[in-house]
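Note sheet for the following structure.
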Amino acid sequence: MPVGRLSWREMLALYRWFTRGRFGPSGAPASAEAIALRCFGAAYLAVFLVETFTSRPHPGLHGRGAVILAATLAFAAAAICAQPQRPRIPARRRIAALAGLTGAAAVLAVVQPEGIWTVAPIFVAIVVALRLERLTGVLTLACSLAVLVVVAAIAGDGGGSLSLLIAAVVLFLVLRLMRQLREQGEVLADARAAEARAAERGRLAREMHDVLAHSLSALALALESTRLLARDRGVDDELVRALDQAHHLAAGGLQEARRAIAAARGEELPGPDRIGVLADAFAEQSGLPVAVEVHGEPRELAPDARLALYRTAQEALTNVRRHAAAQRIEIELAYLPEGTVLVVADHARAGVAPPVALGLGGDGYGLTGMRERAELLGGELLAAPTDDGFRVELRLPA
């Protein structure tokens, strides 16, 4: 049913253009800023066209009227191409549109000095302040104002050109300040959102650690105890192997859970580059001298290999503290062409018997756990007494 000259369908299409930026049912809702700028652009063009066609001399098809008509259409086309409500228009295209708008306004200033061409610098100031970078916007606005001020002075409107210059500059500065404050607010909002996501990851990591990691640790311990008990009581070998496989799966799941929790917390897993720090801390706490030597050119290792080297050194030092009467400790890390080798050897005082190979240790990393970790990586772990102490050697393939 038509209403005036517009049908309901045309009115609906016009509404969608204002709220979504395109005709038809598709398109995401536009922001409040885009809708406001779109309304401003429509009102700006309407006022400009009405004032231009009602000012003397009027646009026409002959003589000066034809020049005014051409300049008016060029002005309107340039304003539509600039489109301040669309932020993704290329800067070159927007600058070219503003240059065309400035040229059309300069022509109108000469052929229709009583018209509304003076709104041109206001439009230019709005567009460059909201959509161009600071230096580009300043240069574009300066060139546009220079052209219009010179043309206005030639046309005999020097006082009007000065007020025009002041109004455009003030509007540009105000809008630039508003844009800067908005961008700072967006950055702050993004930072707060990132902080909230990090806090949520930390909360989930704590819950995973409290529930999943503890449950898997208890399960692995129970399976290991059951396996040892079955072996001591002479249970069928097939059942013992099944329990052993279940223990391996539980231990592997525990390691994966720990890695996932560390990654969720944003923690960087330790590697061989921190063995020196580990040795210094051990020496300070135990009072035993620890010598660390690195041979070969250090190379990038897989995360699991890096962690295995660090954990092996950590567990070996823990075993020294708990089970050995060491006088000094030597740690050697060698980067060889065929792989990486870590050796941790403690040396006891003269006359002290070397310790036995105990598979104990803190934090769930005994000699058994170290050997399993090495085998999963295709390497091997050797642990045995020496003439004056105990030696742990980890070999990982390249």
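- Linking Ile, Leu, Val, Met, Phe, Trp and Tyr residues whenever their side-chain heavy atoms come within less than 4.5 Å places V128 and I95 in a single cluster.
- In this structure a side-chain-to-backbone donor-acceptor pair under 3.5 Å is present from Q112 to P57.
- Across A279 and V292, no two heavy atoms sit closer than the pair CB-CG2, 3.6 Å.
- Between V344 and E330, the closest side-chain pair of non-hydrogen atoms is not below 4.5 Å.
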Exercise for the section: Might you work through the side-chain contact (heavy atoms from CB on, under 4.5 Å) test for F123 and V119, ending with a clear yes or no? Expected result: CA-CA 6 Å; F123 185 84; V119 299; over 6 Å; no
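- Here the closest heavy-atom approach between residue L98 and residue A82 is recorded as CD2-CB, 4.1 Å.
- Comment: E393 engages R395 in a salt bridge, judged by a side-chain N to carboxylate O separation of less than 4.0 angstrom.
- Of the inter-residue distances, the one linking L307 atom CG with L301 atom CG reads 11.5 Å to the nearest 0.5 angstrom.
- V110 is not listed as a side-chain neighbour of W117, based on a closest heavy-atom distance of 4.5 Å or more.
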Practice task
With side-chain contact (heavy atoms from CB on, under 4.5 Å) as the test, would you mind laying out the steps for E332 and H295 before giving the verdict?
Solution key: CA-CA 8 Å; E332 182 180 352; H295 303 285; 3.3 Å; yes
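- Cluster annotation: L73 is not connected to V50 through the hydrophobic network of ILVMFWY side chains, with a link wherever side-chain heavy atoms come within less than 4.5 Å.
- Other residues, nucleotides and ligands contribute at most 12 non-hydrogen atoms within 6.0 Å of the CD atom of E133.
- Scanning both residues, L381 and M370, for their nearest heavy atoms gives CD2-CB, 3.5 Å.
- Nearest heavy-atom pair across I122 and A167 is CD1-CB, 4.2 Å.
- To the nearest 0.5 Å, atoms CG (L317) and CD1 (I331) are separated by 4.5 Å.
- Between R328 and H347 there is a side-chain heavy-atom pair separated by less than 4.5 Å.
- Looking only at distances, a side-chain donor or acceptor of R179 sits under 3.5 Å from a matching main-chain atom of A129.
- The environment of CD in Q184 is crowded: more than 12 heavy-atom neighbours from other residues, nucleotides or ligands sit within 6.0 Å.
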Problem - Test side-chain contact (heavy atoms from CB on, under 4.5 Å) applied to R391 and V343, step by step - result: CA-CA 7 Å; R391 187 175 188 271; V343 177; 3.6 Å; yes
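- Residues R299 and T340 meet the side-chain proximity criterion, which asks for heavy atoms closer than 4.5 Å.
- Around the CD atom of E183, the shell of radius 6.0 Å holds more than 12 heavy atoms that belong to other residues, nucleotides or ligands.
- Side-chain atoms of L382 and V392, non-hydrogen and from C-beta on, never get closer than 4.5 Å to each other.
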Practice task
Could you go through the side-chain contact (heavy atoms from CB on, under 4.5 Å) check for F282 and I329 one step at a time?
Solution key: CA-CA 10 Å; F282 178 85; I329 303 169; 3.1 Å; yes
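- Closest approach of A120 to L148, counting heavy atoms only: CB-CD1, 4.3 Å.
- Here CZ of R311 is found 14.0 Å from CG of L342. Values are rounded to the nearest 0.5 Å.
- Crowding of E186 atom CD: a count of heavy atoms from other residues, nucleotides or ligands under 6.0 Å exceeding 12.
- Hydrophobic clustering (ILVMFWY, side-chain heavy atoms < 4.5 Å, transitive): L336 and L309 are in distinct clusters.
- With rounding to the nearest 0.5 Å, the separation of CZ in F172 from CG in L130 is 10.0 Å.
- Salt bridge annotation for R306-D273: present, with a cationic side-chain nitrogen under 4.0 angstrom from a carboxylate oxygen.
- Residues F53 and T72 meet the side-chain proximity criterion, which asks for heavy atoms closer than 4.5 Å.
- At a threshold of 4.5 Å between non-hydrogen side-chain atoms, the residues I89 and R131 do not count as touching.
- Placement of I166 and V138 within a single hydrophobic cluster is found when ILVMFWY residues are connected by side-chain heavy-atom separations under 4.5 Å, directly or transitively.
- At distances below 3.5 Å, not a single donor-acceptor pair connects side-chain atoms of S144 with backbone N or O atoms of T140.
- Clustering ILVMFWY residues whenever any of their side-chain heavy atoms sit less than 4.5 angstrom apart, transitively, puts L141 in the very cluster that holds V170.
- Taking every heavy atom of both residues into account, V147 and A106 meet most closely at CG1-CB, 4.3 Å.
- Note: T102 OG1 to F75 CZ = 8.5 Å, rounded to the nearest 0.5 Å.
- Interatomic distance, CG of D304 versus CG of L377, reported as 5.5 Å (0.5 Å rounding).
- Looking at V320 and F390, their side chains never come closer than 4.5 Å, going by heavy atoms from C-beta outward.
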